[in-house]
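Each ligand, and each atom within it, is numbered from 1 in the order the structure gives. Keep in mind that this is a model prediction, so the values were computed, not measured. Values below: every heavy atom of this structure, side chains too, minus hydrogens, waters and symmetry copies.
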Amino acid sequence: MTNIPRTHPRYESLKIREKLSKGFREGLVHETGLIAHGRGEAFDYLIGEQTIPIADIAAKTAAALLLKSQHPIISVNGNVVALTVDECIDLANSIPAEIEVNLFHRDIKRVRKLVDTLIEHGAEKVYGLNADMRIPGLEHDRGWCEKEGIYSADTVLVPLEDGDRCEALKAMNKKVITIDLNPLSRTAQMADITIVDNVTRAIKNIEKWIYRLRDEDSAALDEIVGSWDNKNMLGEVIDFISNRLEGMYYGST
Ligand code: ATP
Ligand code: MG
C-alpha cells in the first residue's frame with residue numbers, strides 16, 4: 001500500500017480505494033467494480049462517511065432476520081471480498097450462515113480466486129464454484145447459483161447487488177437484505193431490508209447486533225423484523241441527506 005498519512009482528511013476513503021485497486025491487480029475485482037465503487041463513494045460523501053442512525057436500525061433488523069432464518073446465505077462479489085473478507089467470515093460464523101461467491105460478470109477463474117481467498121482467510125464452507133442451478137428470470141451467466149447455497153436459501157444478504165438480481169431473488173420468495181450506499185438504486189428499493197451504509201462499516205455493524213440479539217426469544221426477533229418499513233426508511237435517508245446538506249450551506253438551525 002502507498003503511504004497515506006493517517007492525518008489525511010480522506011484517509012479511510014483512500015485506504016478503501018487502495019484495497020480495491022490491490023484487489024483488481026490480484027484478479028479479485030472486476031474493472032467495472034471500480035466504477036461501481038465510485039457511485040457508492042459519492043453517496044458515502046453525502047451521508048458524511050458515517051453510519052447514520054437509521055442504518056444502525058436497519059443493521060439491527062437485518063441481524064434479527066438472519067437469526068430467525070433457517071438457511072441464510074451471504075452472497076459476495078469481488079468488491080465485497082476485497083474490502084471485507086475477514087468481516088464477512090466473522091459475520092457468517094456468528095449467525096451462523098454460509099457464504100456464496102456470486103458474480104455479475106461470472107468468470108470461473110475469478111470465482112475460484114475469490115473462493116480460495118475466503119478459504120485462506122478461514123471460511124469453512126464457500127459455495128459458488130459448482131453453480132448448478134439458475135435463478136429464474138435472469139438471463140446470462142449472472143443467473144447461475146448453487147442448489148445447496150443461494151438457490152435453497154430463505155434469506156440472502158447481498159451487499160452491492162444489482163437491481164435485477166435482487167428482484168429475481170425476491171420473486172423466488174426469499175428475503176433479501178442488501179447493503180447499498182445509494183438509497184435511490186433499484187436494489188435499495190427492491191430489498192426487504194436495505195442498509196444504506198458502506199459495506200466496510202455495515203458488515204461489522206450487523207455482527208455487533210447478532211451478538212446483542214442472539215439471546216432474544218423468537219417473538220422479540222419477530223417484533224423487530226415486523227416493525228420494519230423499508231420504504232419509509234429510504235425516505236428518512238433522503239431527509240437525512242437533505243438536512244445535512246442544508247445545514248452545511250445555510251448553517252443548522
Ligand atoms: P441498481 O441496478 O440497483 O439500480 P446500480 O446499477 O446503481 O443499481 P450497480 O452498479 O449494479 O448499481 O451496483 C453498485 C451499487 O453498490 C451502487 O448502488 C453503489 O452505490 C453501491 N456501492 C458501491 N460501493 C459500495 C460500498 N463500498 N458500500 C456500499 N455500497 C456500495
Ligand atoms: Mg444495476
Side-chain angles (χ1 to χ4, degrees), residues 10-24 28-52 54-59 61-62 74-88 91 101-107 110 114 135 137-143 145 156-171 174 176-208 230-231 233-234 237-238 240-241:
R10 306 237 72 75
Y11 176 77
E12 282 301 327
S13 169
L14 294 175
K15 234 177 48 179
I16 294 174
R17 284 188 184 179
E18 290 265 353
K19 271 192 173 180
L20 273 180
S21 72
K22 180 168 173 273
F24 175 69
L28 298 176
V29 172
H30 190 265
E31 60 198 15
T32 60
L34 300 176
I35 301 167
H37 180 73
R39 179 141 56 201
E41 238 186 18
F43 283 97
D44 209 8
Y45 213 104
L46 293 177
I47 61 170
E49 295 169 326
Q50 59 183 321
T51 299
I52 66 175
I54 193 71
D56 192 44
I57 303 173
T61 312
I74 304 175
S75 172
V76 298
N77 64 15
N79 286 36
V80 174
V81 171
L83 294 179
T84 54
V85 61
D86 293 321
E87 290 88 338
C88 283
L91 176 62
V101 172
N102 202 270
L103 304 181
F104 187 85
H105 300 278
R106 191 177 165 82
D107 155 10
R110 198 156 66 89
L114 289 163
I135 301 169
L138 277 188
E139 286 167 23
H140 206 47
D141 284 352
R142 71 198 163 118
C145 66
V156 190
L157 167 63
V158 273
L160 282 58
E161 181 54 295
D162 174 63
D164 272 13
R165 196 159 47 185
C166 180
E167 195 171 358
L169 290 170
K170 290 268 302 165
K174 298 181 192 305
V176 177
I177 303 166
T178 194
I179 300 167
D180 191 334
L181 278 161
N182 178 3
L184 306 171
S185 78
R186 288 187 59 245
T187 306
Q189 312 275 341
M190 289 298 307
D192 294 288
I193 302 170
T194 305
I195 304 169
V196 182
D197 202 3
N198 199 313
V199 72
T200 56
R201 299 186 294 267
I203 300 274
K204 280 187 279 199
N205 207 26
I206 304 172
E207 192 192 349
K208 171 194 85 183
N230 208 55
K231 241 191 160 51
M233 176 282 300
L234 290 171
V237 176
I238 304 291
F240 179 93
I241 293 174

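Between Arg39 and ligand 1, at least one N/O pair is under 3.5 Å apart. Below 3.5 Å of separation, one finds an N or O of Leu181 facing an N or O of ligand 1.
The contact set between ligand 1 and Asp162, taken as ligand atoms under 4.0 Å from a residue heavy atom, comprises 2 (O), 11 (O). For ligand 1, the atoms lying closer than 4.0 Å to a non-hydrogen atom of Asn182 are 18 (O), 20 (O).
Ranked by closest heavy atom to atom 2 (O) of ligand 1, the top entry among Ala82, Gly163, Ala42 is Gly163. With Gly40, Ala188, Ser185 as candidates, the residue nearest to atom 22 (N) of ligand 1 on a non-hydrogen basis is Gly40. Nearest to atom 14 (C) of ligand 1 by heavy-atom distance, out of Ala36, Ala202, Pro183, is Ala36.
With respect to the salt-bridge test (charged N to carboxylate O, under 4.0 angstrom), the residues Asp192 and Lys174 do not qualify. Salt-bridge formation is detected for the pair Glu12/Lys15: a Lys NZ or Arg NE/NH1/NH2 atom is positioned less than 4.0 Å from an Asp or Glu carboxylate oxygen.
Listed by chain and residue number, Ile52, Phe240, Arg244 satisfy the side chain to side chain contact (heavy atoms under 4.5 Å, CB included) test with Gln50 (two or more places apart in sequence, or in another chain). The side chain to side chain contact (heavy atoms under 4.5 Å, CB included) test applied to Leu234 returns Pro183, Ala188, Gln189, Thr194, Val196, Asn230, not counting sequence neighbours.
When heavy-atom distances to ligand 1 are checked against a 4.0 Å cut-off, Asp197 comes that close only through its backbone atoms N, CA, C and O.
Between Asn77 and the options Val158, Asn102, Leu28, Leu103, a side chain to side chain contact (heavy atoms under 4.5 Å, CB included) holds for only Leu103.
Between the side chains of Thr51 and Asp197, at least one donor-acceptor pair of N or O atoms lies under 3.5 Å.
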